[in-house]
Amino acid sequence: MKAIVQDRYGGPEVLEFRDIDQPVPKDNEVLVKVQAAGVHRGDWHIMTGLPYMIRLVVPTLGPRRPKVPVLGMDVAGTVEAVGKDVTRFQPGEEVFGWTDGSFAQYAVAPEDHLAAKPGVLSFEEAAVVPISGFAALQAVRDVGEVQAGQQVLVLGAAGAVGWFAVQVAKAFGAHVTGVASTSQLELVGSIGADEVIDYTRTDVTDGARQWDVIVDTGGRRTLAQLRRALTPTGTLAIVGGEGGGRWLGGFLRNLRAPVLSRFIGQRLRMLSSKPNQDDLQVLRELIEAGKLRPLVGRTYPLGEVPEAMRALEEGKTRGKIVITV
């Protein structure tokens, strides 16, 4: 089968489109004929192996090369075969979920990593939901503990996680303010944000206004800036971290947050997103209830994953990038 393989860390040039053996599902695994796979920032970090810290904490990474040579985590497709212990799926069923190595014609995933694809979504739309959806749901519900009537600020509202975070917070009954660039304001408003703010014209961290919960998906503002925009007992949910050096990247700020939080009234928390079956079902239910809508930007065929990764790094695509197979 064809797959995108990397034998070392680096830029898109390390990705090779070549033939490898088709995976064989274990007893508890499902073989999925991949129809689409979402691309997100985590794929870029795995491709580059940066910051270096992730090579120590991500199980699928090694010090010099990935332990899993095929890139990709989000997946949507059709069940091709199942292991003998699988009870929830049969060949021919449409599924979505997460696994390692989805940038390929076929991928295997444990049974509990998959769910029935929502019928209202295309394969491309379903493929952008899992990893970003988990981060948004857990940031809003578990870290932010958002309640109905609260004022919630989503930084990076037009990004993959921010897009979902706005919708999840609205589903929880919050009054949501989305922050994005000028060209993305209408887009963010279209998913139900009560207010939209252009960060190129307004600094939401100048202290002029405060929110009960801030979901920061941008990753570049300092803790001091973010605290000015929080109420005295507000909660900051930090999703990821960009910038910084090659060793820790933006995670130094994230690690400082819970330490500082012990000495102040505000709750500063870093999200450590955990994919799981229960939350995949929650996302599926929100989609089927019309409360969560994925946004697909550009699509690329499997052989053009390097070009897709370059587009991801440039950050100019509206919506999430999808690989079609």
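Atom set for the values below is all heavy atoms of this structure, side chains included, hydrogens, waters and symmetry mates excluded.
Glu314 has no carboxylate O lying under 4.0 Å from a charged side-chain N of Arg310, or vice versa, which leaves the two without a salt bridge. By the 4.0 Å N-to-carboxylate-O rule, Asp74 lies close enough to Lys320 to be salt-bridged with it. Classification of Lys26 and Glu111 as a salt-bridged pair fails, no side-chain N sitting under 4.0 Å from a carboxylate O. Under 4.0 Å is where a charged nitrogen must lie from a carboxylate oxygen, and between Glu93 and Arg88 no such pair does. Using a 4.0 Å cut-off between a side-chain N of Lys or Arg and a carboxylate O of Asp or Glu, Asp216 and Arg253 qualify as a salt bridge.
A donor-acceptor pair shorter than 3.5 Å can be found between the side chains of Thr177 and Trp211. Gln281 and Glu285 share no donor-acceptor pair across their side chains, judged by distance under 3.5 Å alone. Thr235 and Arg269 are not linked by any side-chain donor-acceptor pair at a separation below 3.5 angstrom, with hydrogens and angles left out of the test. Side-chain atoms of Gln167 and Arg293 form no donor-acceptor pair, as typed in the model, at a separation below 3.5 Å.
The shortest distance between side-chain heavy atoms of Arg227 and Gln266 falls below 4.5 Å. Here the side chains of Val32 and Thr78 are not in contact, with every heavy-atom distance at 4.5 Å or above. Residues Val322 and Val39 form no side-chain contact, since every pair of their non-hydrogen atoms from C-beta on lies 4.5 Å or further apart. Residues Pro258 and Arg267 have side chains not in contact (no heavy-atom distance under 4.5 Å, counting atoms from C-beta outward). Residues Asp112 and Asn276 have side chains not in contact (no heavy-atom distance under 4.5 Å, counting atoms from C-beta outward). Here the side chains of Leu153 and Val213 are not in contact, with every heavy-atom distance at 4.5 Å or above. Side-chain contact between Trp98 and Val75 is absent, with no heavy-atom pair separated by less than 4.5 Å. Here the side chains of Asp206 and Arg228 are not in contact, with every heavy-atom distance at 4.5 Å or above.
Nearest heavy-atom pair, Ala158 versus Gln184, reported as atom, atom and distance to 0.1 Å: CB-CB, 3.7 Å. For the residue pair Gly178 and Ala193, the shortest heavy atom distance occurs at N-CB, 4.4 Å. Between Ser102 and Val34 the shortest heavy-atom distance is O-CG1, 3.7 Å. Here the closest non-hydrogen pair linking His175 and Asp194 is CA-OD2, 3.3 Å. Pairing each heavy atom of Lys2 with each of Gln105, the nearest pair is N-OE1, 2.8 Å. Pairing each heavy atom of Ala139 with each of Val239, the nearest pair is CB-CG2, 3.7 Å.
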Can you give the donor-acceptor pairs under 3.5 Å from side chains of residues 60-68 to other protein atoms, not counting sequence neighbours?
residue	atom	partner	partner atom	Å
Arg65	NE	Asp7	O	3.4

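A cation-pi arrangement is absent between Lys274 and Phe134, since the terminal nitrogen or guanidinium carbon is not both under 6.0 Å from the aromatic centre and inside a 45° cone about the axis.
In summary, of the residues considered (Glu94, Glu124, Glu125), a salt bridge (charged side-chain N to carboxylate O under 4.0 Å, His left out) with Lys117 occurs for Glu94 alone.
Through direct or relayed side-chain contacts under 4.5 Å between Ile, Leu, Val, Met, Phe, Trp and Tyr, Val108 connects to Met1, Val5, Ile20, Leu31, Val70, Tyr106.
For Phe123, the CZ atom counts as densely surrounded, since its 6.0 Å shell holds more than 12 non-hydrogen atoms of other residues, nucleotides or ligands.
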